[in-house]
Amino acid sequence: MTETMTSHFQLIGGQPAIDRIVDLFYDRMDTLPEAEKIRAMHPADLTGIRIVLKKYLAEWLGGPKTYSEERGHPRLRMRHMPFPISTAERDAWMLCMTGALEEVITDRMLREHLTQQLFRVADWMRNVEG
Ligand code: HEM
C-alpha cells in the first residue's frame with residue numbers, strides 16, 4: 001500500500017471504532033438467541049477474545065500488525081477447526097457482526113463492502129456440511 005492510500009482502518013475511524021464494533025459484536029453474541037450455539041463454543045469470560053479480535057480486525061483492515069506480532073500468522077481456518085462451523089454458525093456470526101457494523105459505520109457503501117468481505121471470511125471458515 002502506498003502512503004497516499006487511505007486504509008479501511010483509517011476510514012472507519014481507527015482503533016476506537018474497531019473496539020466498539022468488537023464490543024457490540026460480542027454483546028450481541030452474548031444475548032441474541034440465534035447466537036446461542038456459537039456463544040457456547042466460546043469461554044464463559046469473553047475478555048480475552050475481545051482483545052484478540054480487536055487486534056485481528058485492526059490488522060485485517062490495514063492497521064497496526066500487533067496481532068501477527070503477538071500470535072504469528074493468523075491461520076484462521078486452522079484455529080477454527082476445533083469448532084464445527086456450518087452455514088448456520090456462519091450466519092449466526094454474521095448476524096452478530098452486521099448489527100455491530102450498522103451501529104458504528106455510518107457510510108453505507110463502506111459498511112456494505114466490509115460486510116461482504118467479512119462474509120467471505122466467515123464462509124471460508126465453514127468446516128462441516130450443512
Ligand atoms: C463463522 C463462524 C465463526 C465461529 C463459530 C467462530 C468461533 C470462534 C471461537 C469459538 C473461537 C475461540 C475463542 C477462544 O478460544 O477464546 C474463535 C477465535 C477467533 N476467531 Fe472466530 N469464529 C467464526 C468466524 C470468525 C471470523 C469470520 C473471523 C474473522 C473475521 C474470526 C476471527 C477469530 C479470531 C481472530 C480468533 C482468535 C484466534 C487466535 O487464537 O489468535 N472468527 N472463533
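Order of appearance sets the numbers: ligands from 1, and atoms from 1 within every ligand.
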What protein heavy atom is closest to [atom], reported as residue, atom name and distance in Å?
{"atom": "atom 30 (C) of ligand 1", "value": "Leu118 CD2, 3.7 Å"}
{"atom": "atom 5 (C) of ligand 1", "value": "Ile38 CG2, 3.6 Å"}
{"atom": "atom 40 (O) of ligand 1", "value": "Arg71 NH2, 2.8 Å"}
{"atom": "atom 8 (C) of ligand 1", "value": "His42 NE2, 3.4 Å"}
{"atom": "atom 34 (C) of ligand 1", "value": "Leu76 CD1, 3.8 Å"}

Has ligand 1 got any nitrogen or oxygen that is less than 3.5 angstrom from a nitrogen or oxygen of Tyr56?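 So ligand 1 has no N or O lying under 3.5 Å from an N or O of Tyr56.
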Look at the side chain of Glu89 and the backbone N and O of Ser86, then say whether any donor-acceptor pair between them is shorter than 3.5 Å.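 Checked: pair present.
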Taking only heavy atoms of [X] into account, list the atoms of ligand 1 that are under 4.0 Å away from them.
{"X": "Val52", "value": "37 (C), 41 (O)"}
{"X": "Arg90", "value": "1 (C)"}
{"X": "Ala122", "value": "1 (C), 27 (C)"}

Thinking salt bridges, do Lys54 and Asp23 make one under a 4.0 Å N-O criterion?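 Yes.
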Met41, portion touching ligand 1 at heavy-atom distance under 4.0 Å: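 Both backbone and side chain of Met41 come within 4.0 Å of ligand 1.
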So which bit of Pro43 gets within less than 4.0 Å of ligand 1, heavy atoms only: side chain, backbone, both or neither?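 Pro43 to ligand 1: side-chain contact only, backbone stays beyond 4.0 Å.
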Say you draw a straight line from CE of Met125 to CZ of Arg120; how long is it, rounded to the nearest 0.5 Å?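 Output value for this atom pair is 13.0 Å.
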Distance in Å, Arg20 CZ paired with Asp27 CG, rounded so as to fall on 0.5 Å steps: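 With rounding to 0.5 Å, CZ (Arg20) is 10.5 Å from CG (Asp27).
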Look at ligand 1 and say whether Tyr67 reaches it with a heavy atom at a distance under 4.0 Å.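 In this structure, Tyr67 qualifies as a contact of ligand 1 - some heavy atom is under 4.0 Å.
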Is there a heavy atom of Gly48 sitting under 4.0 angstrom from any atom of ligand 1?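 Flag not set, Gly48 not near ligand 1.
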Which of these, Trp93, Phe83, Phe25, has its nearest heavy atom closest to atom 23 (C) of ligand 1?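 Closest candidate by heavy-atom distance is Trp93.
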Heavy atom to atom 36 (C) of ligand 1, shortest distance: which of Ile49, Asp45, Leu53 holds it?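 Heavy atom nearest to atom 36 (C) of ligand 1 belongs to Ile49.
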For atom CE of Met109, is the number of surrounding heavy atoms from other residues, nucleotides or ligands below 6.0 Å larger than 12?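 Check fails, neighbour count at 12 or below.
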May I ask you to check whether over 12 heavy atoms, not counting those of Glu36, lie within 6.0 Å of atom CD?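 Count not over threshold, so no.
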How about Trp93 and Phe25: are their ring centroids closer than 6.0 Å?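 Yes.
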Looking at Leu57, Val22, Leu24, Leu114, which hits side chain to side chain contact (heavy atoms under 4.5 Å, CB included) with Met97?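 That would be Leu57; it is the only one of Leu57, Val22, Leu24, Leu114 passing the side chain to side chain contact (heavy atoms under 4.5 Å, CB included) with Met97.
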Begin with the C-alpha distance, continue with both residues' side-chain angles, and end with the deciding distance and a verdict on salt bridge (charged side-chain N to carboxylate O under 4.0 Å, His left out) for Glu112 and Arg108. CA-CA 6 Å; Glu112 284 177 3; Arg108 192 172 60 86; 3.1 Å; yes
Strictly by modelled atom types, are Glu59 and Ser68 linked by a side-chain donor-acceptor pair under 3.5 Å?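 Yes, Ser68 and Glu59 have a side-chain donor paired with an acceptor closer than 3.5 Å.
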Specify which N/O/S atom of His80 comes nearest to atom 21 (Fe) of ligand 1, by atom name.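 Going by distance to atom 21 (Fe) of ligand 1, the closest N, O or S atom in His80 is NE2.
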